[in-house]
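One structure is given below, encoded as C-alpha cells.
As the structure is a prediction and not an experimental result, all values here were calculated from the model. Chain naming here is simple, since letters A, B, ... match the order of the sequence lines and numbering starts at 1 in each.
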There are 2 protein chains.
Amino acid sequence: MGRITQRDIARLAGVSQTTVSLVLNNRPGAETRIPAETRDRVLRVIRETGYVADPLARRLAAGRNRILGVFTYEPVFPSATGDFYHPFLVGIEESAEQVGCDLLLLTSAPLVDGRKRIYHQDHRLRLADGCVLLGRELDREELARLVAEGYPFVSVGRRDDAGGPISYVGADYGSAVRELVEKARGLGHEKFAYVGQGAGPESFADRHRGFREGTAGLHAVTLPSADAEEALLTGATAIFVEEHADGALILQAAGRRGLAVAGDLSIVTLGDPTRPAPTDIDFTGFRIPRAEMGRQAVEVLTELIEGSGPVQRLLPCELVKGSTLGRNNVA
Amino acid sequence: MGRITQRDIARLAGVSQTTVSLVLNNRPGAETRIPAETRDRVLRVIRETGYVADPLARRLAAGRNRILGVFTYEPVFPSATGDFYHPFLVGIEESAEQVGCDLLLLTSAPLVDGRKRIYHQDHRLRLADGCVLLGRELDREELARLVAEGYPFVSVGRRDDAGGPISYVGADYGSAVRELVEKARGLGHEKFAYVGQGAGPESFADRHRGFREGTAGLHAVTLPSADAEEALLTGATAIFVEEHADGALILQAAGRRGLAVAGDLSIVTLGDPTRPAPTDIDFTGFRIPRAEMGRQAVEVLTELIEGSGPVQRLLPCELVKGSTLGRNNVA
DNA sequence: CTGTCACGCTAATGCGCATTACTGCAGGGG
DNA sequence: CCCCTGCAGTAATGCGCATTAGCGTGACAG
C-alpha cells in the first residue's frame, strides 16, 4: 500500500496526471486553460484522499524544495556555546516560519579533525534549497567550493571573499567598537588595551580593526587572552576585552590590586558572552543583534534562492551602558 | 553549468552511469562484478571532480531519506516553554547524529486556531522518513490519521491509542508520583492535596492517577491550579503540585500564615518547571528524563522506519530529594 | 469548403539515481 | 559445432513530479 500519487488522483478524477499537476500548482495559464468544473473535480478528489505532493519528487523535477539548511560549525544545542547560538536559531526559526520553509539541521555531518565539515563522503547539503551557515570560524575552502558550485548560502556573520563575494548578515563590530573607543576618549582615556585574538575569524578581526581605527595615534596595545591580567601592567586605563570571561578575570585582578573599576580602570566587553562567565557584572559594551541576524539571514537566503545576487548586510550593535566604563581619573 | 551528475562521471571515466552507481554504492555483487581496475578509474574521477550523489534523487529512487522530522505542537525555540523543550531537542539531536540522520524541523506548519497542525494545505511531513512528535497535548484526530496512513512516528510522552497503538517514549509519571506519595506516607502524612489539571493531556492524567493510587483510602483532594492557595484550607499536610510556579505560590501563602515548610506543610512538585518560576526553592519532586526521552525517541523511530511494530517505553523519573518534604508534625 | 485559431486537455520527456534485465564475449565441455 | 557458464559491463526502466510539445474538437473567418 504505497502512498497516493498524482497518477492515483488522475485516475480517480478521470483526467491525466498532467492536469492534476497543473491544478495543483495553479500555474498561470493553467488558471484559464482548465475550466472550473474540471479543476473542482480534481480538487475534490485531492481533498478526499488527503493527497499531498511528494516534496522530493517535486524538487527533483522543479528544482525547489522550501527546505532551508542550517549548518553550524560549532555545536549548537548542547554545551556552553549553545546559549550563545540559541538566539540566532530563534531568529532563523521565526523567519523560516514566516516564509513557509522548513529547517533542515545538518546534524549528520561528521566531525573531521574535531570540526564539522560540510563536504564529506555523501554530504547532504543538496537536500535543501539553500543554507544558513553559523559559526565563528568557517572553513575557507568549503566556502570557496560553495561559491564555485553556485550553491545559495548565507553566512551569519561577515565573511571575507572566498573565490567570490559571500552573502552574509553580520554585526557591525567595527563601528560598535569604534564608538566605544570614542566614548572612552570622551571620558578622558588615552591609554588603551585590547585583550583577545584580534585576528583570525572575521568577527575578531573586525573588532580589532575598530579598536585600531578608534585609537589611531594613541597609546594602544593588544594582548592575547591568555595574558589578560597583564593588561593591568600596560598602563592602560581602558581595557577592551573580546570575551566577558576575560573581563571578569581582569576585574578580579584589579580588585586584588585595589583598583576601582570605572574609577581607576575601565573595562569594556565587545559582545555577548560566548562562554558562561561569572557575569553578574554589568559590563559596558554592546549586544550582538543575534535574533535579528538570524531573521535577516533567512530573508537574504530566500532572495538568493530566487536568484538575486550576493547580499551583504551589517547590522548595528546595541550599545550597553553598563557600569564598567567611567571617567579617567589617572593623571 | 549545473552540478555534476553520475552521467558526467560516467562519461569522464568511459563507463556507463550504471557502473558509476554500482561503484558508488559498493553493492554486494558489484564488488565482484566490477574489476578493481575499472572501479579505481571511476573512483579517481569521483575524487577529482568532488562528485557527491544528489540525496534527493537517491531517495526518490530508493525510497529512503535519512531525514527525521521533528514536529512540535508548542513552539520550541522562542518563549518560555522553549527552556522546557530544549533538553528534548538536545537528546534528539544527539541521537540523530549517532544514527546519521538529519533533522527536519517542521517549522512551516501554520497556526490554526492558535495551534500548529500537522495536516494542512500542502503539509510536508512526507519529506521525512518518519517523525518525532513533541508537545504536551497532541491532536487526537491527527494522530489517528497518522496511524491510518501508516506513517512512522514516535511521540515523546505517553499517548493513548488513537485508532491504533501509538509508539512513544514517555516518562513514568505514575510510578514517580506514587513513590513520592508513599514517601510522604512514610513520613506520617495522611491528608493530601493535588493541585493542577490532573486530566486532559496524558502527562497530567498519569500524574493524577499515580496520586489517586498512592492515596487510595486516604484523605485526598484535587484542586485546579487557579485555586492553588486554597490547598492550605483543605487540611492537607502534603500538597502535590503539577507546576513549580504553583508550588512557589503556595509556599508564599504558607509563609504569610506562618507555616513552616517541611515542618507544618510539605510541598512536592511533579516534574520540571515548564514556566519560568521564581524557583530558587529546592522543591522535593522528580526530574523528567528529557534528554533521554529525546534520544530514545529517535532510536525507536529508526526501528519503526526499519519496519518494526509499535514500541512503547516508559522511562523512570529521577526523584529529587529537595527540602520541601518533611515529617508531618501536625496532630 | 478549407484554413486557422482557441480551447481543453494529454502524451511524452526528463530531473538523478537505483535497479533489473539483458548483451557481447571468451573459454570449456559435450 | 553448439550449448552452457561466467564475466564485464550496458540499456532500459521507474521513482513522482513539472514541463513542453502536441492533439482532437468545434467555431469562425475567408
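- With sequence neighbours left out, A:R7 forms a salt bridge (Lys or Arg N to Asp or Glu O under 4.0 Å) with no residue at all.
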Would you mind writing out the side-chain donor-acceptor pairs for residues 97-104 of chain A within the sub-3.5 Å range, not counting sequence neighbours?
unit_1	atom_1	unit_2	atom_2	d
A:E97	OE2	B:K116	NZ	3.4
A:D102	OD1	B:T107	N	3.1
A:D102	OD1	B:S108	N	2.9
A:D102	OD1	B:S108	OG	2.7
A:D102	OD2	B:S108	OG	3.3
A:D102	OD2	B:R124	NE	2.5
A:D102	OD2	B:R124	NH2	3.3

**OP:** Could you encode protein contacts along nucleotides 14-21 of chain C as a string, one character per nucleotide from 5' to 3', using B for base contact, S for sugar-phosphate-only contact and - for no contact, with a heavy-atom cut-off of under 4.0 Å?
**Re:** BBBBBBB-
Side-chain donor-acceptor pairs under 3.5 Å in residues 9-16 of chain B, sequence neighbours left out?
unit_1	atom_1	unit_2	atom_2	d
B:R11	NH2	B:D8	OD1	3.0
B:S16	OG	B:T18	N	3.4
B:S16	OG	B:T19	N	3.2
B:S16	OG	B:T19	OG1	3.1

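- For A:D54, the side-chain hydrogen bond (donor to acceptor under 3.5 Å, both in side chains) criterion is met by no residue, not counting sequence neighbours.
- Scored by the ring pair (Phe, Tyr, Trp, His ring centres under 6.0 Å) test, B:F71 finds B:Y73 as partners (sequence neighbours excluded).
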